[in-house]
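Letters A, B, ... mirror the listed sequences (proteins, then strands); counts begin at 1.
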Amino acid sequence: MAHWLYKSEPNVWSWDDQVAKGDAGEPWNGVRNFLARKHLQAMRNGDTGFFYHSNEGKAIVGVVEVVREYYPDPSDETGRFGMVDLKAVRPLKRPVTLQEIRQEPRLADMVLVNNSRLSVQPVTDAEWAVVLELGGL
DNA sequence: GCCAACGTTGGC
DNA sequence: GCCAACGTTGGC
């Protein structure tokens, strides 16, 4: 099973918003980047990912799961981009901040550190375990 | 609020 | 198919 990281500005779509949707999940729409699309297309039902708050908070705050695989994004007029549905699984006991991630040698290769602008990123199994550990899970 | 980094667009 | 210009993102 693969792992991912999703970035969202909390004033647009926050972890609390995601939790409020419950098990029904919510489309992760609005991606307009080809590399991010590639990652979305590679996702499978049951894949888990981190929910990251950019700008405000700058921290990984929770775990989400893919509940619907890639399908067209109706908000994309060009028809080139799609989305997946995500549901909230559980929050981290404590948020893992970007600062902590930068200071952790085992996370030096995380995409978040090296290409912070990519909105949907792959996370390796090793990185997944380290972040869960830092987050108290 | 600034600015660096990056991805996309469009002219040639 | 290249590359300059532009727009956007996101950390600080």
Side-chain angles (χ1 to χ4, degrees):
Chain A
M1 175 157 34
H3 304 298
W4 311 94
L5 182 143
Y6 308 87
K7 286 192 318 188
S8 186
E9 297 192 35
N11 56 357
V12 176
W13 183 252
S14 72
W15 171 251
D16 288 340
D17 294 329
Q18 187 72 52
V19 170
K21 289 293 172 177
D23 286 343
E26 175 74 5
W28 194 265
N29 60 14
V31 170
R32 298 292 183 270
N33 172 288
F34 292 105
L35 186 53
R37 182 181 71 172
K38 191 184 119 191
H39 296 320
L40 289 175
Q41 288 171 326
M43 290 175 190
R44 294 297 170 257
N45 286 329
D47 278 1
T48 47
F50 291 127
F51 193 107
Y52 174 79
H53 278 170
S54 62
N55 276 324
E56 302 278 326
K58 281 178 292 186
I60 294 172
V61 292
V63 175
V64 292
E65 178 182 326
V66 177
V67 293
R68 182 174 175 187
E69 295 178 6
Y70 190 83
Y71 62 104
D73 181 346
S75 74
D76 175 28
E77 294 172 2
T78 71
R80 287 181 298 181
F81 293 95
M83 58 196 184
V84 300
D85 287 3
L86 299 179
K87 72 166 186 178
V89 177
R90 56 178 169 170
L92 298 186
K93 279 186 185 155
R94 46 178 299 277
V96 178
T97 65
L98 181 61
Q99 193 179 11
E100 289 176 277
I101 291 168
R102 288 187 184 280
Q103 287 170 355
E104 169 56 61
R106 290 176 293 170
L107 299 178
D109 290 332
M110 264 193 94
V111 181
L112 192 63
V113 174
N114 298 303
N115 184 3
S116 63
R117 293 192 50 203
L118 185 61
S119 57
V120 179
Q121 311 174 355
V123 174
T124 67
D125 289 345
E127 290 159 357
W128 182 260
V130 171
V131 173
L132 285 182
E133 174 193 319
L134 293 176
L137 294 182

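The shortest non-hydrogen separation linking A:Q121 to A:N115 is NE2-O, 3.6 Å.
Within residues 28-35 of chain A, the residues that place at least one heavy atom under 4.0 Å from DNA chain B are, in residue-number order, A:N33, A:F34. Only A:S116, A:R117, listed by number, bring a heavy atom of residues 111-124 of chain A to less than 4.0 angstrom from any atom of DNA chain C.
Residues that satisfy the ring-ring contact (aromatic ring centres under 6.0 Å, His included) test with A:F34, not counting sequence neighbours, are A:F81. Not a single salt bridge (Lys or Arg N to Asp or Glu O under 4.0 Å) links A:E9 to another residue, sequence neighbours left out. Scored by the side chain to side chain contact (heavy atoms under 4.5 Å, CB included) test, A:Q99 finds A:T97, A:Q103 as partners (sequence neighbours excluded). For A:R94, the salt bridge (Lys or Arg N to Asp or Glu O under 4.0 Å) partners are A:E100, not counting sequence neighbours.
The ring pair (Phe, Tyr, Trp, His ring centres under 6.0 Å) analysis of residues 61-80 of chain A, with sequence neighbours excluded, yields no pairs.
There is no side-chain donor-acceptor pair under 3.5 Å between A:R117 and A:S54.
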Could you list the donor-acceptor pairs under 3.5 angstrom formed by side chains in residues 18-31 of chain A, with sequence neighbours left out?
{"residue": "A:Q18", "atom": "OE1", "partner": "A:W13", "partner atom": "NE1", "Å": "2.9"}
{"residue": "A:Q18", "atom": "NE2", "partner": "A:L86", "partner atom": "O", "Å": "2.8"}

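Note on the helix from B:dG1-C:dC12 to B:dC12-C:dG1: terminal axis deviation equals 10°, with five pairs used at each end and the result rounded to 10°.
Between A:D73 and A:R37 there is no side-chain heavy-atom pair separated by less than 4.5 Å.
Taking the 5' to 3' direction, DNA chain C first and last meets chain A under 4.0 angstrom from a heavy atom at C:dG7 to C:dC12.
Counting Ile, Leu, Val, Met, Phe, Trp and Tyr side chains that sit under 4.5 Å apart, directly or through other members, A:L92 shares a hydrophobic cluster with A:L5, A:F50, A:Y52, A:I60, A:V63, A:V89, A:V96, A:L98, A:I101, A:L107, A:M110, A:L112, A:V113, A:V123, A:W128, A:V130, A:V131, A:L132, A:L134, A:L137. Hydrophobic cluster membership for A:L118: A:L35, A:V111 (Ile, Leu, Val, Met, Phe, Trp, Tyr linked by side-chain heavy atoms under 4.5 Å, directly or transitively).
A:H3 pairs with exactly one of A:D47, A:T124, A:T48 by the side-chain hydrogen bond (donor to acceptor under 3.5 Å, both in side chains) rule, that one being A:T48.
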